[in-house]
Amino acid sequence: MNEVSAYVAEGEQDAEATVRPKRLAEFIAQHRVRDQLDLLLRGAMGRGTPPDHILLSGPPGLGKTTLANIVAAELGSGIRVTSGPAIERSGDLAAILTSLATGDVLFIDEIHRIAKPAEELLYSAMEDFRVDVVVGKGPGATAIPLDVEPFTLVGATTRSGLLTGPMRDRFGFVAHLDFYAAADLEQLLHRSARILGVPITDEGAVEIAGRSRGTPRIANRLLRRVRDYAEVRADGMVTLATAREALKVYDVDALGLDRLDRAVLRALVDSFKGGPVGLSTLAVAVGEQPDTVEEVCEPFLVRAGLLARTPRGRVATDAAWQHLGRALPAGRISAPNAPADLFASDQRFP
Ligand SMILES: Nc1ncnc2c1ncn2[C@@H]1O[C@H](COP(=O)(O)OP(=O)(O)O)[C@@H](O)[C@H]1O
Ligand SMILES: [Mg+2]
């Protein structure tokens with residue numbers, strides 16, 4: 001990364017940080033989750049004890065990290081942030097746990113990626129607020145029990161289906177974040193535009209919201225791209241016209257699908273005649289990691305009714321052909337959307 005783009009990236013992250021809601025009341029939509037969290041936090045504060053451990057699951061960009069920070073802010077406690085892949089040895093985790101102050105929030109992002117020994121250490125910390133740290137090797141090894149101050153673990157995962165049973169059972173509160181309705185994203189865009197000082201019309205917000213894949217992070221990102229366009233090629237106002245032109249430049253289509261989403265659909269429709277095809281084969285065809293295809297692209301493609309996950313593999317729905325502007329192949333047995341229970345984002349299919 002050269003200096004200029006490093007500078008730009010930093011500016012973008014600042015913009016991201018300024019629009020990130022700090023308190024529960026500013027968190028848009030997700031009313032059920034908000035309500036439940038509100039009760040959980042108030043109940044615990046009333047009793048003067050740290051609340052139960054909290055698990056947040058859902059596709060990327062829907063507000064898990066934001067909520068973790070909000071939990072700490074509402075409780076008025078400190079927050080320590082780490083992630084599953086960052087905890088390689090259980091000693092790393094023990095060091096973090098034993099340094100927590102009473103009532104602190106420990107946020108572990110991508111918690112399904114935590115290494116097994118660290119996960120086991122976490123069990124005893126979550127349940128009994130103690131950890132056994134093993135010192136030495138072989139027959140001379142001894143376990144030293146250490147106390148952990150009462151804390152609240154907030155775990156976030158894009159794949160709660162990959163969590164082990166014992167892990168999931170230790171969370172007293174589990175919330176699943178779902179894609180946002182367009183109306184909620186419009187509200188979010190108006191809020192972000194106000195904070196960033198970007199003038200935006202209602203039609204401009206509607207247009208961007210409709211192409212944000214139901215995802216706040218994408219809505220905010222598209223707002224920044226349209227702002228660039230409006231400032232450079234127009235009078236700075238985000239309108240229906242500037243939004244449309246800008247999103248054309250950035251290759252975001254009418255449903256908000258980006259290049260990778262469309263590549264997945266095209267591969268499915270053109271190379272595999274609509275499927276069924278296995279996840280790894282599909283991922284190879286678009287030159288991506290299976291995890292990326294599964295966690296980043298598929299949840300929205302499924303939600304948009306373009307792709308279905310079935311036990312035999314991925315299949316394109318009729319809407320996929322239509323969206324790509326292709327005629328349905330002659331003799332195709334139409335595949336309407338798969339039944340809803342096959343859509344559960346946590347289920348893992350081949
Ligand atoms: N409910 C919400 N209200 C307002 N902004 C939100 C909301 N959820 C997410 N955002 C915005 O979207 C961005 C991405 O959210 P984040 O919490 O990082 O998602 P995740 O951790 O689930 O990937 C945040 O910076 C925040 O500005
Ligand atoms: Mg996050």
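Index from 1, following the sequence. These numbers come from the heavy atoms of this one structure, side chains and all, not from hydrogens, waters or symmetry mates. Whatever order the structure lists ligands and atoms in, that order sets their numbers, starting from 1. Since the structure is predicted, the reported quantities are computational estimates derived from the model, not experimental observations.
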Give a yes/no verdict on whether any heavy atom in [X] is under 4.0 Å from an atom of ligand 1.
X: A29; value: no
X: E16; value: yes
X: P60; value: yes

Heavy-atom contacts under 4.0 Å between N220 and ligand 1: side chain, backbone, both, or neither?
side chain
Purely on distance, is any nitrogen or oxygen of [X] under 3.5 Å from one on ligand 1?
X: P216; value: no
X: K64; value: yes
X: R217; value: yes

Between the candidates T66, I218, T215, T18, which shows the shortest non-hydrogen contact distance to atom 17 (O) of ligand 1?
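The option holding the nearest heavy atom is T66.
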Out of I28, N69, T65, who is nearest to atom 21 (O) of ligand 1 when you count heavy atoms only?
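Checking each option, the heavy atom nearest atom 21 (O) of ligand 1 is found in T65.
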State which residues pass ring-ring contact (aromatic ring centres under 6.0 Å, His included) with F179; sequence neighbours excluded, sorted by chain then number.
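Here the qualifying residues are F300.
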Would you mind checking which non-hydrogen protein atom is closest to atom 8 (N) of ligand 1, with the distance to 0.1 Å?
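So the nearest neighbour among protein heavy atoms is Y180 OH, 3.3 Å.
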In the protein, N/O/S atoms that are found under 2.8 Å from the Mg ion (ligand 2), waters not counted
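Per the 2.8 Å query on the Mg ion (ligand 2), atoms found are T65 OG1.
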